[in-house]
Enquirer: 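Right, I'll just put the structure down here and ask away after.
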Amino acid sequence: MRLETARLVLRLLTPEDVDDLAAVLGDAETMRWYPAPYTREQVREGIERQMGSYPSGSGLLGMVEKQTGRLIGDCGVVWQDVEGRMEPEIGYHVHRGWWNRGLATEAARAAMDYAFGELGVDHVISMIRPENVPSRRVAEKNGLTMDRMVFWRDYDHCVYQRWKK
Ligand SMILES: CC(C)(COP(=O)(O)OP(=O)(O)OC[C@H]1O[C@@H](n2cnc3c(N)ncnc32)[C@H](O)[C@@H]1OP(=O)(O)O)[C@@H](O)C(=O)NCCC(=O)NCCS
């Protein structure tokens with residue numbers, strides 16, 4: 001699994017990425033729509049979880065800016081249990097210093113194309129807290145539309161969805 005866009009490479013995460021990823025997922029402002037920022041240990045566990053899912057072709061990938069070679073976030077396809085059904089979710093997190101440059105949209109588009117192509121799914125979703133306007137914009141810019149609201153992991157979430165054409 002290695003995806004490439006104009007400005008990004010999405011590649012497998014490794015344990016060496018823990019510090020760069022902790023700079024993203026450990027930031028309180030970035031994680032304001034999550035129960036809490038991740039500790040370094042949670043980031044380490046998260047990387048191991050993603051590594052465990054790579055053999056099945058899913059998992060969050062490291063988002064590397066081509067220009068600098070720096071890991072600035074993650075993005076990929078993650079299978080999520082939503083009301084008892086396993087759904088292919090496009091997930092993304094970007095370092096605060098790189099927001100609003102279209103990078104999440106660019107990465108999510110590549111992950112969606114991969115899901116429809118290599119993974120062979122007929123739809124993708126993104127689970128987004130209603131207040132998370134930037135994430136809703138990313139979904140909308142990639143042609144996902146709000147399908148329904150569900151109570152998921154202790155909070156209301158919009159289920160954004162797009163079917164394969
Ligand atoms: C959501 C997130 C990944 C977006 O990353 P990004 O690279 O900045 O996204 P993009 O630049 O591709 O698009 C962001 C869009 O939100 C818009 N936006 C940002 N802040 C906004 C605000 N306060 N109000 C309205 N729109 C806003 C931007 O203008 C842009 O839309 P536009 O292109 O129509 O102008 C980033 O904000 C993030 O990492 N958030 C924390 C983690 C997170 O919530 N992940 C998603 C979980 S569902």
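Both counts, for ligands and for their atoms, begin at 1 and track the order of listing.
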Enquirer: Among protein heavy atoms, which sits nearest to atom 45 (N) of ligand 1, and what does the distance come to when rounded to 0.1 Å?
Expert: Tyr92 O, 2.8 Å
Enquirer: For His93, take its heavy atoms, then give the atoms of ligand 1 lying under 4.0 Å from any of them.
Expert: 39 (O), 42 (C), 45 (N)
Enquirer: Answer with side chain, backbone, both or neither: which part of Thr30 has a heavy atom less than 4.0 angstrom from an atom of ligand 1?
Expert: both
Enquirer: If you measure every N/O of Gly102 against every N/O of ligand 1, is any gap under 3.5 Å?
Expert: yes
Enquirer: Pull out every atom of ligand 1 sitting under 4.0 Å from any heavy atom of Pro134, numbered as shown with elements.
Expert: 16 (O), 19 (C), 20 (N), 21 (C), 37 (O)
Enquirer: Compute whether any side-chain donor of one residue and acceptor of the other, for His93 and Tyr38, lie under 3.5 angstrom apart.
Expert: no
Enquirer: Pick whichever of Val138, Asn100, Ile72 has a heavy atom sitting closest to atom 18 (N) of ligand 1.
Expert: Asn100
Enquirer: Taking the side chain from Glu106 and the backbone from Arg7, do they hold a donor-acceptor pair closer than 3.5 Å?
Expert: yes
Enquirer: Consider only side-chain heavy atoms of I, L, V, M, F, W and Y, link residues closer than 4.5 Å, and tell whether Met127 and Met112 are in one cluster.
Expert: no
Enquirer: For the residue pair Thr105 and Tyr92, confirm or rule out a side-chain donor-acceptor distance under 3.5 Å.
Expert: no
Enquirer: Go through the steps for Leu61 and Leu12 under the test side chain to side chain contact (heavy atoms under 4.5 Å, CB included), then give the verdict.
Expert: CA-CA 5 Å; Leu61 299 167; Leu12 303 183; 3.7 Å; yes
Enquirer: Measuring to protein heavy atoms, does anything land under 4.0 Å from atom 32 (P) of ligand 1?
Expert: yes
Enquirer: Looking at Asp27 and Val24, would you say the former's side chain and the latter's main chain have a donor-acceptor pair under 3.5 Å?
Expert: no
Enquirer: Any sub-3.5 Å donor-acceptor pair from Lys164's side-chain atoms to Gly117's backbone N or O?
Expert: no
Enquirer: Looking only at distances, please establish whether an N/O atom of ligand 1 is found under 3.5 Å from an N/O atom of Lys141.
Expert: yes
Enquirer: Check Arg85 with Glu83, please: is the shortest side-chain N to carboxylate O separation under 4.0 Å?
Expert: no
Enquirer: Which of the numbered atoms in ligand 1 are below 4.0 angstrom from a heavy atom of Tyr34?
Expert: 47 (C)
Enquirer: What part of Asn132, side chain from CB on, backbone N/CA/C/O, both or neither, has a heavy atom under 4.0 Å from ligand 1?
Expert: side chain
Enquirer: Would you please test Ser53 and Trp79 for side chain to side chain contact (heavy atoms under 4.5 Å, CB included) and show each step?
Expert: CA-CA 9 Å; Ser53 73; Trp79 289 95; over 6 Å; no
Enquirer: Is it the case that ligand 1 has an N or O less than 3.5 angstrom from some N or O of Ser135?
Expert: no
Enquirer: Just which atoms of ligand 1 are under 4.0 Å from any heavy atom in Met127?
Expert: 48 (S)
Enquirer: Specify side chain, backbone, both or neither for Arg137, according to which of its non-hydrogen atoms lie closer than 4.0 Å to ligand 1.
Expert: side chain
Enquirer: Which atoms of ligand 1 sit under 4.0 Å from any heavy atom of Arg101?
Expert: 11 (O)
Enquirer: Is any N or O atom of Val94, backbone or side chain, closer than 3.5 Å to an N or O atom of ligand 1?
Expert: yes
Enquirer: So for ligand 1, is Thr105 a polar contact partner (N or O within less than 3.5 Å, distance only)?
Expert: yes
Enquirer: Given Val133, Asn142, Ile90, which one has a non-hydrogen atom that is nearest to atom 26 (N) of ligand 1?
Expert: Val133
Enquirer: Output yes when Arg32 and Glu131 qualify as a salt bridge under the 4.0 Å nitrogen-oxygen rule, no when they do not.
Expert: no
Enquirer: Got a salt bridge between Glu45 and Arg49, using NZ or NE/NH1/NH2 to carboxylate O under 4.0 Å?
Expert: no
Enquirer: Strictly by modelled atom types, are Glu41 and Thr39 linked by a side-chain donor-acceptor pair under 3.5 Å?
Expert: no
Enquirer: Students should be able to answer this: which protein heavy-atom is nearest to atom 36 (C) of ligand 1, and at what distance?
Expert: Trp99 NE1, 3.4 Å
Enquirer: Is any N or O atom of Trp33, backbone or side chain, closer than 3.5 Å to an N or O atom of ligand 1?
Expert: no
Enquirer: Only heavy atoms of Ala104, strictly under 4.0 Å: list the atoms of ligand 1 that pass.
Expert: 3 (C), 4 (C), 5 (O), 6 (P), 7 (O), 9 (O), 12 (O)
